[in-house]
Structure formats: C-alpha cells, structure tokens
*Asks:* 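My questions will all concern the structure given below.
Just so you know, residue 1 is the first one in the sequence shown, and it goes up from there.
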Amino acid sequence: MKKINLYLICTSLLALNYSCDYEDKVVDQVLEEYTSGAVLRTLETTPDELDEAFDMFRTENSFSVTVEEQDEAEGALIDRVDLTVDYIDNNKTDDGAADDVSVSGVAYSTIPASAFSIGSRGLPSTSFSFTMEEALSTLNIPLTEVLPGDRIVMNLELFFTDGTSYKASDAAVTVTGGSFFSSPFLYSLPIDDGIAFDYEVTTSDEIDLSEGGINEDYEASISIDDGSEGSLLETLNIYRTFRDLTIGEDAVNLTEEEALFESYTIADLTLEDGARTLMLSYTLDELLGDNIELSDMAVGDDIQLRYEIVTADGRIVTTDENDTEYFYSITTSECVQLNADGPYAGEYTINMVDSYGDGWNGGYITVTLDGVEVPDSPFSVETGEEATGSFTVPEGATSLTIVYTSGDWDDENSFDIIDPNGQRAASEGPFPNTNGQDPIEYSIELKVCE
C-alpha cells in the first residue's frame, strides 16, 4: 500500500501540470511498474450535482453513475464490484442515540466483471443506478424517518480475481477527490426537503432604538412550493424568541424562550402558480409581546423567528441557525443621523398610497429646497391607489422642507420617503379626516441614517 499511495500522490501532482493525454501515459507507465492498485474513475453522474439526487418526498428519483476501471492489466484482473449502502441520520437529537436510524454496510448488489465493456479509452467501464425507494427498502428505513440533511451513501468495493480488494478507505485523497482520478469509491447523496420555501422581508428587519426612530411594521412574503400545490404539507408554524444579549448592571435577563407565535393550515393559504403564499405583517408591539418594551432593549438584542413545516405524514422540516432557510432574525440598531446638520445629498423617492383607490382628494406634498420648490412639487396621488415621485438634493444644500397639506378623506392617505441609501427616511399617515375644514399642514421630518 505504501507504493500505491506514493504513486497516487506523484501522479496527482503531475496531473496539475500536463494535459489529459499525457496524464493517461503517466498512469499507464506507473501501473506497469507497480503490481498493486486500481481506480474506479467516475465518468458521468446523473444528476450532475450530487446534492440534487434525492428529496424527502420523491422516492422514485434515481441516481446513476458510469465508472471506468483501471489497473495494471487494463481490466483483466476484475472479478466484481460489491455495492453496500449506508444511511446517515443527521437529525438525531443531542441527548442520545435512541432516535438514531443510521445504518451502515448493508449489502445492496454485485456488479460482475461481465457487466463491464471496453470503452473509447480502451478501459472497461460500466453503469449502475438506484432510486431512493430501492435504497430505503434495502436499508429498511421507513420514509417517515427521512428528513432533510440525512444522507444515503453507496459504497463500491472492487475485487480482483486473486481476492485483492480496493475500497474508499484504501485510496489516497488524491485518488478519491482528485480532478483526474475522480475515484471516490463511494457516492454520498444528501437528501433535500423537496420544498421551495421563499421568504422575503418587504420592509425593514431592524428595530431602530434611537430617539425618534422610525419603526414600521415588519412585513414578509412567504411562498411554499412542494411541487404538489401544498398537498404534501399540513401546517406552517412560526416560533418566536427574544434574546436579551445586553444584560445591564441590574443583571436582569429579559430573554424569552422560544414559543409558538402563529400557526397556519397550509391548505388554507392562497394558491398562486402552484405555490401556497402568505403575507405576514406584525406591528412592533406584536413582535415585542406582552412583557418587553422598546425601552428595555439595547443594540445587540434581537428577535428570532423560526418557521417550521409539518408534512402530511408528520415529518418536521425546519432549521435552527440564523440566516438559514427557515430561520430569520430581527436585529436592533441605532441610527447615526447623516442629515442632522443639513440635507443629505442624493435622490429621494416618495411612495404615495391611497387606501380607497380614488386619489388623494386634494391632499399633496410640497418639497422646498433652499427656499425654492423642487421640480414636480407638489406631489400627490391624482387618481387610483398609488403614485411615485422623486427629488434630488444637491451637494451644498442648506435647507430642505417637506410639508403634507390635507384635503378630503386624509385618513386614506399615507406615504414613505426613501433616502439615497435605499432606507426609509420617513413614514407618514394615514392622517386625521378633516373633510370640510381648512387645510392643515403637517411638517415632515426626514431621518437619514448611516
């Protein structure tokens, strides 16, 4: 084995510097000089990416591979290749192995020498495939135990006619993982959840703790696509945790452990293009809960939301680390104001909304820069539900004034102003309804944060 390991290292180094044709000659030369060793080179797999082979629902999905054998006699030594299969349970609990369904070394099948044929490179090759259902049946693993992150591993052991055998533990890393040999002697196939879970925060995912900070509702859109219009799924659970990570001098820890926040029946969600969709909207008070006040928080604290899908057959799909597919944090920050001493230069956008859909009925926004109204001012929703306007603050400007003037049905009117950094600098409305009264002017303050 020392000789074959030395050979493998040397040829891998040569593979970095010479063409594939020359690599073939080097391999042939070394195999002639040494009387032990063989590789099962991977020529092709379907699918190309191993992590796309299986998901937890579709047991009919298959993985196939074509391998090429190379030894000192160019295949004349092959007796057979034995296949064994492992199941790696990566979802067992930390408190013991009682729920560990891992299995290893279960005999799957044998590929005899007669199944190999000489390929275009003059070396024997063969192909084999298996479905997830076939692997699970061999392993005696029920589908209800299969969860995302678990793995099915197919092991290959090459036997020569003299009884010598080679498997993954016999090969050097340069053989199992090298770009030329690509001879892993095993294929480790992760199992995906089979669900496209798309989550997009459409507002801010930060809570501004600075005085006068703008904290709008937390809004997010969710799309859940199991490829079967949600029929494979039962429930969407949302769990909330508050983490007090800035315990003060009083040593009072306000942390609240994870608890169920909301629950939805997936079949009741809106069906759009085959996916179940949901729009979430939480006020700051709802996120903080009954026991936490904004004044209790400091920069560094956060609120965590974990999403859990329960399948129709009782399996649970989730993650438990921040910024992973089903786990998101709402962090805390404190605005470092950029427009405290003067207008912040750049282009601003005004997004205006009328909740009734008939325009602002005489309401409008006036923007004045250094005493002069900007082009397109005043801004308003003339008809319909919404309108957008913009204005630019040049470098060196000394004053910026924004005023909303009421009309009729001002309780339908609201708007956001987006600063040059893409953040909300103001969020105003709806306003009190003052029908039949003289117009009222509301001064709007911008807060542009770093």
Side-chain angles (χ1 to χ4, degrees), residues 4 8 12 15 27 37-71 75 78-91 100-113 115-117 119 121 123-141 143 145-160 165-194:
I4 185 60
L8 295 172
S12 295
V27 172
V39 293
L40 281 173
R41 184 180 296 110
T42 303
L43 298 182
E44 182 181 10
T45 65
T46 303
D48 294 336
E49 300 296 330
L50 302 191
D51 59 1
E52 297 177 358
F54 298 138
D55 72 52
M56 59 183 282
F57 293 117
R58 292 158 187 88
T59 59
E60 73 279 5
N61 287 0
S62 67
F63 173 76
S64 62
V65 61
T66 300
V67 295
E68 177 184 74
E69 195 271 354
Q70 187 166 8
D71 59 45
I78 303 173
D79 178 65
R80 69 186 189 277
V81 175
D82 283 353
L83 305 182
T84 59
V85 63
D86 307 336
Y87 191 86
I88 300 175
D89 181 359
N90 286 319
N91 287 278
D100 185 357
V101 298
S102 298
V103 182
S104 61
V106 178
Y108 184 78
S109 67
T110 294
I111 304 173
F116 285 78
S117 59
R121 292 153 55 99
L123 295 171
S125 64
T126 191
S127 300
F128 66 90
S129 66
F130 61 94
T131 65
M132 187 169 79
E133 182 177 18
E134 291 168 340
L136 294 177
S137 176
T138 300
L139 291 158
N140 197 28
I141 301 290
L143 186 61
E145 295 289 349
V146 176
L147 289 170
D150 293 351
R151 286 180 176 268
I152 293 173
V153 181
M154 188 62 71
N155 306 281
L156 285 66
E157 185 170 6
L158 171 64
F159 284 84
F160 283 174
S165 69
Y166 300 94
K167 54 185 182 294
S169 58
D170 297 324
V173 173
T174 49
V175 170
T176 59
S179 60
F180 174 67
F181 283 110
S182 187
S183 180
F185 284 92
L186 62 80
Y187 299 94
S188 182
L189 308 170
I191 298 172
D192 189 22
D193 59 24

*Asks:* Less than 4.5 Å apart, any side-chain heavy atom of Asp192 and any of Asp51?
*Replies:* no
*Asks:* Quick one, Val103 with Asn140, criterion side-chain contact (heavy atoms from CB on, under 4.5 Å). Give me CA distance, side-chain angles, the key distance, then yes/no.
*Replies:* CA-CA 9 Å; Val103 182; Asn140 197 28; over 6 Å; no
*Asks:* Going from CE on Met132 to CG on Leu189, what distance comes out if it is rounded to the nearest 0.5 angstrom?
*Replies:* 11.0 Å
*Asks:* Any side-chain heavy atom of Tyr166 sitting closer than 4.5 Å to one from Asp71?
*Replies:*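 Side chain of Tyr166 against side chain of Asp71, heavy atoms only: no contact under 4.5 Å found.
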*Asks:* State, with a plain yes or no, whether a side-chain heavy atom of Phe54 is found less than 4.5 Å away from one of Val146.
*Replies:*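 Contact flag for Phe54/Val146 side chains = no.
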*Asks:* Just checking, any donor-acceptor pair under 3.5 angstrom between side chains of Glu44 and Thr66?
*Replies:* no
*Asks:* Considering non-hydrogen atoms only, spot the tightest contact between Phe185 and Ala38 and give its length.
*Replies:* CZ-O, 3.9 Å
*Asks:* Check the pair Ile152 / Phe63 against side-chain contact (heavy atoms from CB on, under 4.5 Å), numbers first and verdict last.
*Replies:* CA-CA 11 Å; Ile152 293 173; Phe63 173 76; over 6 Å; no
*Asks:* Report yes or no: does Asp89 contribute a side-chain atom to a donor-acceptor pair with the main-chain N or O of Val101 at less than 3.5 Å?
*Replies:*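 Yes: the side chain of Asp89 pairs with the backbone of Val101.
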*Asks:* Closest heavy-atom contact between Thr45 and Pro47?
*Replies:* OG1-O, 3.0 Å
*Asks:* Rounded to the nearest 0.5 Å, how far does CG of Asp86 lie from CZ of Arg151?
*Replies:*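 Going from the CZ atom of Arg151 to the CG atom of Asp86 covers 12.0 Å.
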*Asks:* Would you give the length of the straight line joining atom CZ of Arg80 to atom OG of Ser109, rounded to the nearest 0.5 angstrom?
*Replies:* 12.0 Å
*Asks:* Distance from Met154 atom CE to Phe130 atom CZ, nearest 0.5 Å?
*Replies:* 4.0 Å
*Asks:* I need the Leu123 CG to Ser117 OG distance, nearest 0.5 Å.
*Replies:*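 One gets 11.5 Å once the value is rounded to the nearest 0.5 Å.
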*Asks:* Under 4.5 Å between any side-chain heavy atoms of Asp193 and Asp55, yes or no?
*Replies:*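 When only atoms from C-beta onward are counted, Asp55 and Asp193 do not touch, as no gap falls below 4.5 Å.
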*Asks:* Would you check if the side chain of Thr131 reaches a backbone N or O of Ser62 as a donor-acceptor pair within less than 3.5 Å?
*Replies:* no
*Asks:* Does Ile191 reach the side chain of Met56, with side-chain heavy atoms less than 4.5 Å apart?
*Replies:* yes
*Asks:* Indicate the atoms forming the closest heavy-atom contact of Ala107 with Thr138, along with that distance.
*Replies:*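 Ala107 and Thr138 have their closest heavy atoms at O-CG2, 3.5 Å.
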*Asks:* Nearest 0.5 Å, please: how far is OG1 in Thr84 from OH in Tyr108?
*Replies:*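 Tyr108 OH to Thr84 OG1: 12.0 Å, rounded to 0.5 Å.
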*Asks:* Would a distance-only check, ignoring hydrogens and angles, find a side-chain to backbone donor-acceptor pair under 3.5 Å from Asp150 to Asn90?
*Replies:*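 Yes.
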*Asks:* Taking the side chain from Asn155 and the backbone from Gly105, do they hold a donor-acceptor pair closer than 3.5 Å?
*Replies:* no
*Asks:* Do you know the tightest heavy-atom contact between Asn61 and Ala53?
*Replies:* CB-O, 3.5 Å
*Asks:* How far apart are the closest heavy atoms of Tyr87 and Leu147, and which atoms are they?
*Replies:* OH-N, 4.1 Å
*Asks:* Which heavy atom of Leu43 sits nearest to which heavy atom of Ser125, and what is that distance?
*Replies:* CD1-CB, 4.4 Å
